[in-house]
Amino acid sequence: MPNVMLKKNTEGKLVFYVPKKDLEEVAESVEFDSPEKWGGEVVLSDGSTYYFEPQPQPDFPVTLRAKRLDSGE
Amino acid sequence: MAALTKEETEALIQEVLEIYPEQARKDRAKHLAVNDQSLEKSNKCITSNRKSLPGTMTIRGCAYAGSKGVVWGPIKDMIHISHGPVGCGQYSRAGRRNYYVGTTGVNAFGTRNFTSDFQEKDIVFGGDKKLAKIMTEIEALFPLHKGISIQSECPIGLIGDDIEAVAKKANKEIGKPVVPVRCEGFRGVSQSLGHHIANDAIRDWVLENRDGDDSFPTTPYDVAVIGDYNIGGDAWASRTLLEEMGLRVVAQWSGDGTIAEMEKTPKVKLNLIHCYRSMNYIARHMEEKYKIPWIEYNFFGPTKIAESLRKIAALFDETIQAGAERVIAKYQAEYEAVIAKYKPRLQGKRVMLYVGGLRPRHVIGAYEDLGMEVVGTGYEFGHNDDYDRTIKEMGNATLIYDDVTGYEFEEFVKRVKPDLIGSGIKEKYIFQKMGIPFRQMHSWDYSGPYHGYDGFAIFARDMDMTLNNPCWKQVNVPWKTADSSKVAVAAGA
């Protein structure tokens, strides 16, 4: 259950940062991505998947707790 | 000597690793890599920010060095107490040459050493009382100080002193910020965790001090320079460029910085990060809490300066963008003259670097502007995200080494035969005795500034002065003389 810092980069893509692991990745896809419902499975560009409880879209940048689903390759 | 191919470099790494016992060889192999620009992520090729192997000569520092020496130390109007035995503070005193304006001992304290000088009885009975007394004394002797930070040395954590309680009490008594920093040297694997702890202390004890206070008049062009420690005047050389393009520099973190500047930083519009490794934590925090965006920039060498100025300007309106072009045009004749003078003397020379948090990648551009080539680079305490940023800067098939050991570094140098090495004071004399020109790239070998256009002129002069110094022809190393084989046999016997 790492703490993940989320922000939007200049291209409007979601950037995923896990301080403890120096992991800085762009999110490839977000399962739910609308103002009312945001979250679900997030796939990063390195192939790993994280899960956020679906919630109203937060105000980025923000730190949220995520669940790690798999480590990718 | 021609550049090594990828296979040759890989073979070199294997050869150097051979001397280690199996376990150590396995571990060290993960920290040495051949650069491959096609890689997106460094974790595919290199491991970093891991504990150094016992028995190898690492070049790293400790958490106290990261906090007191790097982040907190340069804040000039605060008194930083090295809390613990006297040595840590004394032997690191003023060594980093963080320049500042002020009268030392009156309203600035950068080069002074304040310590609680722990004795046996303080270890046995605890040092809290002594610490409280020190702060009362400081208030009486140096009434113009603007705050105190308590930089813990190892014993504080070991004996479990409650410095936070002492700090809170002292804060009430003297009415100035008192910041306890838990940066005991044994924490973490290198000085890197010290930076993080120091950033967190700033976040918890300083940054919020002026929340809800809007008396500070702001402009749309307010920026903060973060992670510039003013070594040899670096921050000043950077600051002039930013101001000339029309920005207002509200705060300098932390070279020539003050605590008031830090407290005002949450009011700025943009944070500019020079040393990403040591201060990205606070920038990320401010981004989240105060919605202040941040960008990294690089003020080494005209190519990177122009790139950075334009990148910064792009986040502001047209007046700033025009300002950036004006600044670049203004200094063009100056830096072109520098390149015209020194490039012919330095063209094609090869450099190996091994420094701290930002320079292994930041100075590459400056060397390239002078026609030089960086053939090996590495960080003492970089993390994966540093190497991510390095891969693109370095040429293919060049060496990358993380937390290099004394032995590895020497062997690499013997084989790669660079014309110049840039590293720290501990490496300097080894390589000079080997007859290789050396620049101390932590504190610019008592020169500087190297940032900005003004700094580039000094950088170019220094590199030329070192590389083309006739003294290197006078150095006779045993392995270069005719009967070197005999010497080697004798040494081996």
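Reminder, nothing fancy here: chain letters follow the sequence lines and each chain counts from 1.
For A/E25 (side chain) and A/L44 (main-chain N/O), no donor-acceptor pair under 3.5 Å exists by modelled atom type. Distance alone, capped at 3.5 Å, places no donor-acceptor pair between the B/S67 side chain and the B/C183 backbone.
Put simply, CZ on B/F381 and CG on B/D386 are 8.5 Å apart, with the number rounded to the nearest 0.5 Å.
With a 4.5 Å cut-off on non-hydrogen atoms, B/K291 touches chain A through its side chain but not through its backbone.
Under the 3.5 Å distance criterion, with hydrogens and angles disregarded, no donor-acceptor pair is assigned to the side chains of B/Y401 and B/T377. Looking at B/Y379 and B/R361, their side chains do bring a donor and an acceptor atom within 3.5 Å of each other.
The pair A/E24-B/R389 counts as a salt bridge, with a side-chain nitrogen and a carboxylate oxygen less than 4.0 angstrom apart.
A side chain to side chain donor-acceptor pair (under 3.5 Å) with B/H31 holds for exactly one of B/D403, B/D402, B/T405; it is B/D402.
B/F299 and B/Y297 have their aromatic ring centers within a separation under 6.0 angstrom. Two rings, from B/Y229 and B/W253, have their centers 6.0 Å or more apart.
Of residues 55-63 of chain A, those residues with a non-hydrogen atom less than 4.5 Å from any non-hydrogen atom of chain B are, in numerical order, A/D59, A/F60, A/P61, A/V62, A/T63. Proximity to chain A at a heavy-atom threshold of 4.5 Å picks out B/Y276, B/R277, B/N280 from residues 262-281 of chain B, in numerical order.
The two residues B/L39 and B/K392 make their nearest non-hydrogen contact at O-NZ, 3.2 Å.
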